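In this text the structure is predicted, and so the values were computed from the model without any measurement. Every number for a ligand or one of its atoms is a count from 1 in the order of the listing.
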Amino acid sequence: MSQDLFQAPDYYQLDELLTEEHILVRNAAREWVKREVSPIIEEAAQQAKFPKSIISGLAEIGAFGPYIPEEYGGAGLDQISYGLIMQEIERGDSGVRSTASVQSSLVMYPIWKYGNEAQRKKYLPKLASGEFLGCFGLTEPDHGSNPGGMTTNIKDMGDYYLLNGAKMWISNAPFADVAVVWAKNEEGRIKGVLVERGMEGFTTPETHNKWSLRASATGELIFDNVKIPKENILPNKDGLGAPLGCLDSARYGIAWGAIGAAMDCYDTALRYAKQRIQFDKPIAGMQLQQKKLAEMITEITKAQLLTWRLGVLRNENRATTAQISMAKRNNVDMAIHIAREARQILGAMGITGEYSIMRHMMNLESVITYEGTHDIHLLITGMDITGISAFK
Ligand code: TGC
Ligand code: FAD
């Protein structure tokens with residue numbers, strides 16, 4: 001990628017809504033992305049390799065457990081700081097943000113919320129420092145949007161549980177030290193199980209040939225009679241609501257992250273349009289290109305306001321699942337449209353790795369599918385406003 005010249009758009013002076021701490025945290029993440037992610041991310045994506053060298057930096061900027069209390073190694077920040085960190089990381093790359101989302105909201109969050117003190121002390125500090133990486137196994141080959149139908153199961157064997165089944169499309173699976181896995185017990189109740197690398201019968205084959213999220217490793221989790229010690233079950237919540245509660249937190253982070261990807265595409269396209277001369281003038285002076293750019297900044301600004309307000313509600317513990325769904329759906333859709341329009345502004349240059357736009361565009365095809373597809377989030381809104389579930 002050519003030099004990172006990113007200038008963050010703030011059309012409505014939204015920085016005025018942020019505290020000094022928010023701005024400090026955001027700027028530290030922004031600088032880190034410029035210094036450590038932008039120079040290496042294009043090559044990592046081209047080679048489909050997760051850049052492990054960035055793990056310690058992610059820990060240093062507080063991206064692993066931003067809102068987890070400091071006593072467990074987390075950064076003890078509020079929800080808006082968490083969102084701003086995700087925005088900045090995804091400005092660099094959605095795959096890097098995926099790693100941070102999974103570690104924070106899908107691994108640390110359930111251990112913190114649903115685990116006991118021994119589990120918190122054993123795992124959280126190592127996950128916060130990046131010494132351990134985690135993954136989250138909910139999706140199965142035959143159960144994606146409908147995780148309640150899962151067939152992965154645990155059987156009580158007296159001294160231990162026996163885990164069988166398979167999970168698919170799992171971010172970080174190929175190198176995770178610990179997996180938070182959702183499985184049904186003999187009564188059909190969903191439980192959270194902590195599965196550690198090295199347990200006999202547990203394998204994590206990598207998924208190859210992705211055109212999207214290439215700098216993030218994806219894989220399967222296969223459980224063939226894995227003996228799970230009883231102390232590895234998360235004791236404090238069960239049922240489908242347990243994994244869905246984690247998804248609330250991760251989807252909220254993605255709503256912010258998508259703004260980052262959109263800002264990067266807009267900023268790149270604006271700079272390019274001012275410099276690129278056709279018909280003896282910059283293409284930024286052509287009405288059709290101005291329409292694209294003006295619509296982009298309008299949509300980014302609307303998303304920034306929606307998401308900031310959602311952050312305020314999250315800080316007050318008042319944000320609903322449906323409000324989070326609306327923001328995740330709106331912002332990812334907004335970002336993918338902006339990526340497609342921005343790519344056109346760059347003409348042929350837009351398809352090259354010289355610029356980040358095509359990488360963002362391809363990444364966002366995963367982001368619009370994972371953590372609940374675009375359509376599933378629409379149906380969550382539909383259920384909320386009508387009181388009738390379209391799923392049943
Ligand atoms: P439903 O009957 O609505 O609910 C089942 C139980 O769960 C409760 N509940 C929640 N609890 C806490 N938080 C939430 N957000 C909750 N939503 C629902 C609900 O009250 C009920 O409780 P109870 O006590 O009555 O049993 O469930 P349903 O089977 O009808 O499904 C609803 C639906 C479709 C919305 C849900 O299944 C869904 O969201 N599906 C999408 C699946 C999904 O998002 N998978 C994501 C996998 S992880 C991932 O993609 C990571 S990518 C990470 C990265 O790389 O960044
Ligand atoms: P399906 O559920 O088969 O859906 C296919 C299509 O049908 C979609 O368009 C969907 O919207 C539509 N559809 C389904 N149900 C309905 C309905 N009721 N009404 C209308 N339309 C419907 N999962 C994890 O557990 N952990 C991870 O770390 C993880 N990481 C991922 C990383 C990547 C790169 C990707 C691509 C996926 C990841 N996932 C992960 C899986 C992801 O959450 C699922 O792909 C997603 O939930 C959708 O499931 P599916 O792919 O099986 O699609």
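Remark: Asp267 engages Arg271 in a salt bridge, criterion side-chain N to carboxylate O under 4.0 Å. Using a 4.0 Å cut-off between charged nitrogen and carboxylate oxygen, Asp93 and Arg359 count as a salt-bridge pair. Between Arg197 and Asp177, no side-chain nitrogen of the basic residue sits less than 4.0 Å from a carboxylate oxygen of the acidic one, so the salt-bridge criterion is not met. Of the charged side-chain nitrogens involved, none lies within less than 4.0 Å of a carboxylate oxygen, so that Lys34 and Glu88 do not count as a salt-bridged pair. In this structure, Lys328 does not pair ionically with Asp333, as no charged nitrogen and carboxylate oxygen lie closer than 4.0 Å.
At distances below 3.5 Å, not a single donor-acceptor pair connects side-chain atoms of Asn153 with backbone N or O atoms of Ala183. The backbone N or O of Gln79 lies less than 3.5 Å from a partner atom in the side chain of Tyr252, making a donor-acceptor pair.
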Residues 233-249, side-chain donor-acceptor partners within the protein, below 3.5 Å, at least two apart:
unit_1: Asn236; atom_1: ND2; unit_2: Gly115; atom_2: O; d: 2.8
unit_1: Asp238; atom_1: OD1; unit_2: Arg189; atom_2: NE; d: 3.3
unit_1: Asp238; atom_1: OD2; unit_2: Lys191; atom_2: NZ; d: 3.4
unit_1: Asp248; atom_1: OD1; unit_2: Thr321; atom_2: OG1; d: 3.2
unit_1: Asp248; atom_1: OD2; unit_2: Thr321; atom_2: OG1; d: 2.9
unit_1: Ser249; atom_1: OG; unit_2: Tyr67; atom_2: OH; d: 2.8
unit_1: Ser249; atom_1: OG; unit_2: Ser105; atom_2: OG; d: 2.8

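Considering only residues two or more places apart in sequence or on other chains, Phe202 meets the ring pair (Phe, Tyr, Trp, His ring centres under 6.0 Å) condition with Phe223.
Listed by chain and number, residues touching ligand 2 at under 4.0 Å (heavy atoms only) are Phe136, Leu138, Thr139, Gly144, Ser145, Trp169, Ile170, Ser171, Leu213, Ser366, Thr369, Tyr370, Glu371, Thr373, Asp375, Ile376, Leu379, Phe391. Protein residues with any heavy atom under 4.0 Å from ligand 1: Arg97, Ser98, Ser101, Val102, Leu106, Phe136, Leu138, Thr139, Gly144, Ser145, Pro147, Ser171, Leu240, Gly241, Leu244, Gly245, Leu247, Asp248, Arg251, Thr321, Tyr370, Glu371, Gly372, Ile380, Phe391, Lys392.
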